Trainee: 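Right, I'll just put the structure down here and ask away after.
Counting starts at 1 for both ligands and their atoms, following the listed order. In what follows, every heavy atom counts, from backbone to side chain, and hydrogens, waters and symmetry copies are set aside. No experiment lies behind these values; they were computed from the predicted model shown.
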Amino acid sequence: MSFFDARRAPAVVKHGLLRRYCQPFAYKAGSRTGGRVTFLDGYAGAGCYEDDTPGSPLVLLEAAKRVSPSRDVEAVFIEEDPATFSRLQEVLDTRCGGQKYLPLAGDVDEHLDFVLRMCHDRALFAFLDPFGPALSRHRLQDLLRRRAHENLPTDVLLHVSVRSVWNFGSRLTKAKRERRPLSRQDEAFAGRLDDFLGAGWWRSSFEEAAAAGPEEGKPAAIALRLAEQYAEEVARQTGYLAISMPVRRRPQHAPIFVLTLFTRHPDGAWLFADCVGHAGLDWEEAWRDAEASKEGANGQLGLFAPGNASIFDREDYERNHSEKWIGIIRDNIDGLLERFQPLILQRHVVEVYGATLGTGARETHVRKAVKRLHEDGLVDHDGKGRSMERAEMFRPARYDSSTLAG
Ligand SMILES: C[S@@+](CC[C@H](N)C(=O)[O-])C[C@H]1O[C@@H](n2cnc3c(N)ncnc32)[C@H](O)[C@@H]1O
């Protein structure tokens with residue numbers, strides 16, 4: 001399998017996002033806990049892939065090393081599968097000597113209380129990245145609430161497996177249409193989804209689609225909506241902000257998972273959106289390179305041979321798309337100014353980015369959008385300055401929206 005295999009694009013996005021976000025998290029959140037930070041990788045895997053590409057444990061430990069002059073980072077890795085755990089230990093021992101880490105064999109659920117006690121005076125960044133349904137909703141909400149109650153900086157980056165929800169949803173709708181019960185295996189899987197998503201509520205979407213007929217609602221689209229609803233509900237019930245990036249293999253494919261960040265800090269949400277923009281470019285690069293590599297592997301003239309430089313020119317891509325991104329963001333902010341005055345961008349991250357979230361658009365494009373609005377006399381902020389996202393923005397006094405009506 002070539003490095004640029006199509007299956008790698010989602011992993012490239014995941015690790016790029018992790019790499020970009022956890023380091024500033026350690027700086028920012030660690031400043032509130034005397035520099036003490038814990039990175040928890042709850043579904044750690046083997047540490048790196050067979051071709052030596054770093055997996056999440058190495059990505060987290062690389063970040064820990066970079067911040068080590070000013071931050072005391074402890075990393076905890078939990079892995080349930082015994083063979084994978086042995087490999088993880090070996091990878092950590094050979095590559096990460098001298099760093100502070102604790103590998104724990106077994107189920108994340110069993111170790112969680114111990115880990116929470118360990119980091120009772122530390123900022124916590126938890127990465128939960130299972131193959132299918134993850135930690136139960138009840139456990140996740142409890143963790144978020146407890147840490148918020150103790151005022152401890154806590155961010156959770158959760159992989160929500162849309163594919164496992166949609167696979168199950170397809171089987172559920174088929175069984176409903178054929179008026180037969182689910183198999184015992186499917187019932188058991190539904191129980192795991194109930195634990196993860198919260199009991200019951202999600203099933204009705206598939207049942208309604210089954211009743212409405214085959215054209216009504218594709219399971220993949222329903223599953224994506226459920227993942228988004230789940231994130232919104234968990235955020236609402238715990239007082240956190242949620243910001244999500246759907247990840248697909250190719251542009252024409254449905255998302256296979258959603259990466260959702262739960263954070264209480266608007267700085268975290270703002271920064272994450274910027275990281276998601278970079279991750280969007282990582283994804284463009286990864287899938288295009290995978291296509292080019294596949295053409296080469298099929299015996300045709302590939303655009304490049306694996307190992308050569310990427311065919312993707314980020315700057316060129318950005319030049320070709322930034323006008324569109326800025327235009328969309330400009331309109332989003334203009335709309336927000338009709339509803340909120342003062343407008344503080346950081347409080348409306350998802351609405352500010354709108355359809356551009358995860359496509360490559362980043363803070364720099366938001367600044368340009370604000371600058372355009374300022375040039376048009378529609379906002380009193382010029383888009384400059386270090387804390388633009390925290391500034392109170394208003395319509396200039398002479399502006400009256402009613403004069404534009406019609
Ligand atoms: C998607 S892989 C992790 C990949 C890794 N996070 C990375 O990015 O390199 C999921 C891992 O979680 C492990 N796992 C599954 N259920 C688990 C559980 N309940 N507790 C801990 N580990 C679990 C699996 O054995 C598998 O190695």
Side-chain angles (χ1 to χ4, degrees), residues 1 3 5 7-23 38-64 75-92 94-96 101-116 125-140 142-143 155-165 167 188-189 191-197 227 245 247-249 255-261 275 279 282-283 286:
M1 187 167 73
F3 174 74
D5 189 278
R7 278 165 284 186
R8 293 290 166 88
V12 168
V13 169
K14 183 171 76 174
H15 294 136
L17 201 47
L18 193 60
R19 180 178 288 114
R20 287 197 176 88
Y21 188 74
C22 65
Q23 185 174 329
T38 297
F39 287 164
L40 166 65
D41 192 349
Y43 299 78
C48 69
Y49 293 83
E50 278 171 19
D51 66 1
D52 227 29
T53 309
S56 56
L58 291 186
V59 170
L60 288 168
L61 281 173
E62 278 163 21
V76 181
F77 303 110
I78 308 176
E79 173 52 52
E80 185 180 55
D81 177 62
T84 310
F85 182 75
S86 301
R87 170 91 180 113
L88 171 66
Q89 272 190 311
E90 192 186 308
V91 168
L92 294 174
T94 48
R95 303 240 195 140
C96 308
Y101 60 82
L102 175 66
L104 297 171
D107 181 357
V108 65
D109 202 25
E110 279 169 26
H111 290 297
L112 197 57
D113 288 330
F114 167 71
V115 175
L116 290 178
F125 175 77
F127 180 49
L128 302 176
D129 177 36
F131 283 127
L135 195 64
S136 73
R137 177 164 174 172
H138 154 75
R139 281 291 258 166
L140 175 66
D142 185 52
L143 178 159
D155 282 13
V156 173
L157 181 58
L158 176 69
H159 169 148
V160 181
S161 172
V162 175
R163 190 170 41 186
S164 54
V165 178
N167 280 346
F189 192 74
R192 287 182 60 203
L193 285 176
D194 274 342
D195 273 353
F196 172 53
L197 295 170
M245 176 177 189
V247 181
R248 49 190 99 220
R249 282 194 177 138
I256 52 176
F257 60 84
V258 173
L259 291 170
T260 297
L261 181 81
C275 296
D282 292 344
W283 178 76

Trainee: Which of the numbered atoms in ligand 1 are under 4.0 angstrom from any heavy atom belonging to G42?
Mentor: 21 (C), 22 (N)
Trainee: How long is the span from the CG atom in L157 to the CG atom in L18, to the nearest 0.5 Å?
Mentor: 6.5 Å
Trainee: Are any of the side-chain nitrogens in K14 or D129 under 4.0 Å away from the carboxylate oxygens of its partner?
Mentor: yes
Trainee: Nearest to atom 7 (C) of ligand 1 by heavy atom, P82, S161, S56: which?
Mentor: S56
Trainee: A44 heavy atoms, cut-off 4.0 Å: which ligand 1 atoms fall inside?
Mentor: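 The list of qualifying atoms is 5 (C), 6 (N).
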Trainee: Do you know the tightest heavy-atom contact between H15 and S56?
Mentor: NE2-N, 3.5 Å
Trainee: Can C275 and R19 be said to form a side chain to side chain contact (heavy atoms under 4.5 Å, CB included), step by step?
Mentor: CA-CA 9 Å; C275 296; R19 180 178 288 114; over 6 Å; no
Trainee: Return the closest protein heavy atom for atom 3 (C) of ligand 1 as residue, atom name and distance.
Mentor: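 Checking every protein heavy atom, the shortest distance to atom 3 (C) of ligand 1 gives Y43 O, 3.1 Å.
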Trainee: Identify whether the distance between the nearest side-chain nitrogen and carboxylate oxygen of D51 and R8 falls below 4.0 Å.
Mentor: yes
Trainee: What is the nearest protein non-hydrogen atom to atom 2 (S) of ligand 1, stated with its residue, atom name and distance?
Mentor: F131 CZ, 3.6 Å
Trainee: What closest approach, in Å, do H159 and F257 show between heavy atoms, and which atom pair accounts for it?
Mentor: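 Smallest interatomic distance, heavy atoms only, reads NE2-CB, 3.3 Å.
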Trainee: Using non-hydrogen atoms of the residue, decide whether G47 is closer than 4.0 angstrom to ligand 1.
Mentor: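 Per 4.0 Å heavy-atom rule, G47 does not contact ligand 1.
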Trainee: For ligand 1, note which part of K14 has a heavy atom under 4.0 Å away: side chain, backbone, both or neither.
Mentor: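 Under 4.0 Å from ligand 1, K14 contributes side-chain atoms alone.
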Trainee: What protein heavy atom is closest to atom 27 (O) of ligand 1, reported as residue, atom name and distance in Å?
Mentor: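 Here the nearest protein heavy atom works out to E79 OE1, 2.8 Å.
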Trainee: Could you list the atoms of ligand 1 found under 4.0 angstrom from a heavy atom of G106?
Mentor: 20 (N), 21 (C)
Trainee: Can you check which of L104, L60, V108 brings a heavy atom nearest to atom 20 (N) of ligand 1?
Mentor: V108
Trainee: Considering non-hydrogen atoms of the protein only, which is the closest contact for atom 19 (N) of ligand 1, and what is the distance?
Mentor: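 Closest protein heavy atom to atom 19 (N) of ligand 1: D107 OD1, 2.9 Å.
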Trainee: Could you check whether R87 pairs with D81 (Lys NZ or Arg NE/NH1/NH2 to Asp/Glu carboxylate O, under 4.0 Å)?
Mentor: no
Trainee: Should the pair Y101 and F77 be assigned to parallel (<30°), tilted (30 to 60°) or perpendicular (>60°) ring geometry?
Mentor: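 Ring orientation of Y101 relative to F77: tilted.
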Trainee: Which pair of non-hydrogen atoms, one from L104 and one from F85, has the smallest distance, and what is that distance?
Mentor: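 Minimum heavy-atom separation between L104 and F85: C-CE1, 3.4 Å.
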Trainee: Please report the C-alpha distance between L135 and F196 in whole Å, then the side-chain angles of each, then the deciding distance to 0.1 Å, and finally whether the side chain to side chain contact (heavy atoms under 4.5 Å, CB included) criterion is met.
Mentor: CA-CA 6 Å; L135 195 64; F196 172 53; 6.0 Å; no
Trainee: Run the numbers for me: atoms of ligand 1, each under 4.0 Å from some heavy atom of D81, listed by number.
Mentor: 25 (O)
Trainee: With atoms numbered from 1 as shown, which atoms in ligand 1 lie under 4.0 angstrom from a non-hydrogen atom of G45?
Mentor: 27 (O)
Trainee: Report the part of A46 (side chain from C-beta onward, or backbone N, CA, C, O) that has a heavy atom under 4.0 Å from ligand 1; answer both or neither where that applies.
Mentor: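 No part of A46 comes within reach of ligand 1.
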Trainee: Going by the order shown, which atoms of ligand 1 are within less than 4.0 Å of some heavy atom of G55?
Mentor: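 By the 4.0 Å cutoff, the relevant atoms are 9 (O).
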Trainee: In terms of residue, atom name and distance, what is the protein heavy atom nearest to atom 16 (N) of ligand 1?
Mentor: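 The protein heavy atom lying closest is E80 OE1, 3.3 Å.
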Trainee: Give the ring-plane orientation class for F125 versus Y21, where under 30° counts as parallel, over 60° as perpendicular and anything between as tilted.
Mentor: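 Rings of F125 and Y21: tilted, 30 to 60°.
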Trainee: For atom 6 (N) of ligand 1, state which one of L135, D129, L88 supplies the nearest heavy atom.
Mentor: D129
Trainee: Does any N or O of ligand 1 fall below 3.5 Å from an N or O anywhere on H15, backbone included?
Mentor: yes
